[in-house]
Amino acid sequence: MGPGPLIAAAFIGPGTVTMCTLAGVEFGYALLWVIGLSVFATILLQEMSARLGVISQKGLAQVIRTEIQHPIFKILAILLLISSILIGNAAYEAGNISGAGLGVETLFGSMEFTLFQHNFNFSAFVVGTMAFIALYLGNYKVIERFLIGLVVLMSIAFLSTAIITKPDWSQILAGLLKPAPRRDNILTILGLVGTTIVPYNLFLHASLAKTKWKKKQQLKYAQRDTVIAIVLGGLISMSIIIAAAAIPINDISSASDLALGLEPLFGEYAKFLLATGLFAAGITSAITAPLAAAYVTCGCLGWSTELKSKPFRAIWMLVLGIGVLFSVMDFKPITVIKFAQIANGLLLPIIVLLLFWIMNNSKILGTYVNSKIQNIALFFIVVLAISLGLKGIFSAL
């Protein structure tokens with residue numbers, strides 16, 4: 001196993017948990033097919049990213065910087081990448097940390113304290129400190145093993161929660177095999193796809209794959225690792241939807257509400273398992289988001305992408321520090337988040353198109369370019385990416 005579980009950890013964050021919770025509460029098992037579709041698209045994209053990293057021994061940001069020759073297009077691409085991923089991840093980092101803190105507070109109660117007439121969230125500081133230690137060690141193997149452990153914990157927690165609810169397996173099968181898009185669920189469908197196909201994961205995966213595997217012959221391990229980890233991530237998302245579908249009430253707006261709602265129906269174990277899963281989802285995303293921002297920024301600017309290099313550490317410290325500060329003070333930078341949403345809305349279709357171009361460039365990949373079947377599938381993902389991008393922009397506006 002390699003960086004695959006880290007990619008799964010990155011897309012199963014508090015946003016995914018909340019989106020899957022709302023989908024389960026509102027539509028029951030009816031949108032499970034969306035997760036299946038999202039998993040297929042994510043495997044296709046992430047395999048390309050991992051293949052690029054192993055074969056070229058470069059990160060995606062590095063390839064974009066070196067291969068785009070036109071100076072204006074290169075500057076625009078770098079500005080878009082840094083705007084969406086560096087600024088975006090800094091804005092969203094508070095949500096990752098708060099999500100992990102919410103899992104802790106669901107188990108142990110509120111950890112807020114008042115100082116100089118301001119409320120401060122101590123659980124967010126604890127989560128931020130754990131993320132800082134994991135990243136500061138600067139050892140890929142340590143980070144990989146720590147996050148794999150958290151993914152295993154998250155998997156056990158959410159899968160066990162779903163089993164506890166004693167779901168109707170025939171309805172689950174129907175939800176998986178019978179796509180049912182309607183006018184009232186189309187935004188939820190796009191939301192579920194959007195929380196699974198994450199732009200920064202494409203950059204993160206290429207960079208981590210080249211760190212893990214140095215020989216072309218090892219590509220098969222990278223591909224197997226990708227499939228196993230993303231399918232596992234999809235099962236986690238499905239488990240959350242299944243657990244949420246068991247709640248007979250509709251006044252649920254977050255995963256912590258789901259944890260508390262499950263307790264009277266299925267006992268304290270359900271609350272414990274779900275809160276544990278929420279903590280693991282939050283802290284894994286709190287680690288991978290600064291890591292991705294550092295890889296992208298350093299790759300775009302031609303700086304060292306070594307984990308212990310000063311520029312690399314400065315970037316992830318900046319992103320993590322902003323996230324901890326906003327989370328501890330419960331401050332929501334709405335304007336910055338809206339800007340990040342618009343930038344990410346533009347980024348996803350552009351990155352998928354750039355990936356299409358790169359993965360068919362024999363100068364970069366030699367004989368490891370895309371097959372015709374991969375290109376046909378990628379064309380449909382481009383259409384999907386444009387839809388997701390427009391949704392992100394319109395929701396921000």
Find out whether [X] and [Y] are in side-chain contact, i.e. whether some heavy atom of one side chain is under 4.5 Å from a heavy atom of the other.
X      : Y      : answer
Thr297 : Phe203 : no
Val198 : Leu204 : no
Val296 : Tyr200 : no

So, using ring pair (Phe, Tyr, Trp, His ring centres under 6.0 Å) as the criterion, who are the partners of [X] when residues are at least two apart?
X      : value
Phe279 : none
Phe27  : none
Tyr136 : Phe132

Value rounded to 0.5 Å, distance of CD1 in Ile351 from CG in Leu355: 8.0 Å
- request: Mind checking the CG-OG spacing from Leu76 to Ser83? Nearest 0.5 Å is all I need.
  value: 10.5 Å
Test item: side-chain donor near acceptor, Ser98 and Ser327, under 3.5 Å: yes
Distance-only criterion, 3.5 Å: show the donor-acceptor pairs between side-chain atoms of residues 373-384 and protein atoms not counting sequence neighbours.
| from | atom 1 | to | atom 2 | distance (Å) |
| --- | --- | --- | --- | --- |
| Gln374 | OE1 | Ser371 | N | 2.8 |
| Gln374 | OE1 | Ser371 | OG | 3.3 |
| Asn375 | OD1 | Asn360 | ND2 | 3.0 |
| Asn375 | OD1 | Asn370 | ND2 | 3.2 |
| Asn375 | ND2 | Asn360 | OD1 | 2.8 |

side-chain contact (heavy atoms from CB on, under 4.5 Å) against [X], all qualifying residues, sequence neighbours excluded:
X      : answer
Ile43  : Val39, Val227, Ile230, Val231
Gln171 : Tyr29, Asp168
Tyr368 : Arg51, Ile55, Lys216, Leu219, Leu365
Ser160 : Ile156, Leu273

- request: For residues 279-308, pull every pair meeting salt bridge (Lys or Arg N to Asp or Glu O under 4.0 Å), keeping only residues two or more places apart or in separate chains.
  value: none
statement: For residues 138-148, the salt bridge (Lys or Arg N to Asp or Glu O under 4.0 Å) pairs (sequence neighbours left out) are Glu144-Lys212
message: I'd like to check the salt bridge (charged side-chain N to carboxylate O under 4.0 Å, His left out) partners of Lys58; sequence neighbours left out, ordered by chain and number.
response: none
- request: Quick one: list whatever passes salt bridge (charged side-chain N to carboxylate O under 4.0 Å, His left out) with Lys215, sequence neighbours left out.
  value: none
field: Main-chain N/O of Ala206 paired with Ser49 side-chain donor or acceptor, under 3.5 Å
entry: yes
query: Does any N or O in the side chain of Asn89 come within less than 3.5 Å of the main-chain N or O of Pro290, such that one atom is a donor and the other an acceptor?
result: no
